[in-house]
Each structure stands twice: as structure tokens, then as C-alpha cells.
Amino acid sequence: LAVSKIAPALIAGNSLVLKPPTQGAVSCLHMVHCFHLAGFPKGLISCITGKGSEIGDFLTMHPAVNCISFTGGDTGISISKKAGMIPLQMELGGKDACIVLEDADLDLVASNIIKGEFSYSGQRCTAVKVVL
């Protein structure tokens, strides 16, 4: 999930600070280390760990931050209130609909809907939840 936020930021020419969830910090620290091993300049991608209500609030309200991308739930509302006029990109959960049109290849659609729902045992915020 972090890479889906990191890649567009880098492609757009930005540096970034990654604040991973407290329970997922170790994997993000390793990932950032791998970016550095691959030759990315120090400071292009930084990872800051800590309690979200302390570190997250500091980052959200820091004057050097010019965009915030967040994935989660209720915390997103708090971030949006504290961020002021900073542009936000939020993924706060959803119904992740898959739309099936009349001319669709139903075998292909069924196979992809099953993959979209059950890959990673369904433990993804982007898993298919509704089929229209």
C-alpha cells in the first residue's frame, strides 16, 4: 500500500515522508532502506515512526508539508480537520464496486472478481465488496 503512494509522489518529482502505522513500522523501515540501497538519495524518502497522535499530528500541521495521502478510517476525519488547506488524498474505506457491463466476458469477469475479493485472503482495503 505504501508503494502505491510513494511511486506517484516520486514520479511527480517530490520527496516524501512515510509515517507507517505503528504495527507496520518495521516493514516500512526495511522498504525505505531498500530504496536507499538501490541508490535513491538520502532524504528523498524518509520514514518516521511513532504514535500517530503525536508524530502524525506534527506532520499533518507542519508548514513544509504540501500534500497528505492517508489510508485508514476515522483518523482521516481528524487529519482533514487539522490539515487546513493542504491538499488531501484519502482512502477511508469504501464499497469498491466492480461494474459488469452487458457485453462482458462473464467467465473472465467471474475469475477477476474472485481474485479481487479473495487475494490476500480479502485483507485489503481495495478488495471487491460490491458487484453491479
Side-chain angles (χ1 to χ4, degrees):
L1 186 58
V3 172
S4 72
K5 296 170 181 288
I6 291 170
L10 294 175
I11 290 167
N14 298 294
S15 60
L16 62 104
V17 175
L18 173 64
K19 189 325 198 165
T22 306
Q23 298 84 358
V26 173
S27 62
C28 287
L29 287 166
H30 283 291
M31 178 179 63
V32 170
H33 179 67
C34 289
F35 278 113
H36 294 152
L37 290 174
F40 282 60
K42 297 281 184 185
L44 183 62
I45 304 173
S46 299
C47 188
I48 298 177
T49 62
K51 190 174 178 184
S53 61
E54 296 168 8
I55 305 296
D57 287 355
F58 175 80
L59 290 171
T60 297
M61 296 182 282
H62 194 282
V65 172
N66 61 15
C67 185
I68 297 171
S69 181
F70 177 78
T71 298
D74 297 335
T75 302
I77 295 168
S78 174
I79 289 171
S80 66
K81 288 178 181 175
K82 293 173 184 174
M85 295 301 292
I86 295 172
L88 303 172
Q89 183 277 316
M90 302 281 199
E91 197 284 288
L92 305 177
K95 296 303 169 205
D96 303 300
C98 178
I99 300 171
V100 181
L101 303 177
E102 283 183 35
D103 61 346
D105 176 338
L106 295 182
D107 290 333
L108 180 62
V109 167
S111 172
N112 282 307
I113 287 172
I114 289 168
K115 287 178 193 172
E117 170 57 32
F118 296 106
S119 63
Y120 299 100
S121 301
Q123 299 299 307
R124 300 185 351 256
C125 57
T126 58
V128 173
K129 296 172 190 74
V130 175
V131 178
L132 303 171

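Just so it is clear, the values below take in all heavy atoms, side chains as well, and ignore hydrogens, waters and symmetry mates.
- Phe40 has its side chain within reach of Leu10: a pair of non-hydrogen atoms, C-beta onward, lies under 4.5 Å apart.
- Closest approach of Ala104 to Val109, counting heavy atoms only: CB-CG2, 3.6 Å.
- Atoms OG and NE2, from Ser46 and His36 in turn, are 6.0 Å apart once rounded to the nearest 0.5 Å.
- When side chains are defined from C-beta on, Met90 counts as touching Ile79, because their heavy atoms get closer than 4.5 Å.
- Val131 and Leu106 end up in the same hydrophobic cluster when Ile, Leu, Val, Met, Phe, Trp and Tyr side chains are linked at under 4.5 Å.
- Atom CD1 of Ile48 sits about 10.5 Å away from atom CG of Leu29, to the nearest 0.5 Å.
- Annotation: the span from Thr60 atom OG1 to Ile55 atom CD1 amounts to 11.0 Å, rounded to 0.5 Å.
- Hydrophobic clustering, with ILVMFWY side chains joined whenever heavy atoms are under 4.5 angstrom apart, keeps Val17 apart from Val32.
- Atom CG of Asp57 is separated from atom NZ of Lys51 by 10.5 Å, given to the nearest 0.5 angstrom.
- Side-chain atoms of Ile113 and Val100, non-hydrogen and from C-beta on, do get closer than 4.5 Å to each other.
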Verify side-chain hydrogen bond (donor to acceptor under 3.5 Å, both in side chains) between Gln89 and Ser69, making sure each step is shown before the conclusion.
CA-CA 5 Å; Gln89 183 277 316; Ser69 181; 2.3 Å; yes
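- Cluster membership for Leu88 and Val65, using ILVMFWY side-chain heavy atoms within less than 4.5 angstrom, is shared.
- Cys28 contributes atom SG, which lies 7.0 Å from atom CD1 of Ile6 (distance to the nearest 0.5 angstrom).
- Clustering ILVMFWY residues whenever any of their side-chain heavy atoms sit less than 4.5 angstrom apart, transitively, puts Met31 in the very cluster that holds Leu16.
- Side-chain contact between Val26 and Thr49 is absent, with no heavy atoms from C-beta onward closer than 4.5 Å.
- Here the CG-CG distance, from Leu44 to Asn14, works out to 9.5 Å after rounding to the nearest 0.5 Å.
- Side-chain atoms of Ser4 come within 3.5 Å of backbone atoms of Leu1 as a donor-acceptor pair (strictly under, hydrogens ignored).
- Annotation for Asn66 and Pro87: closest pair O-CD, 3.3 Å, computed over non-hydrogen atoms.
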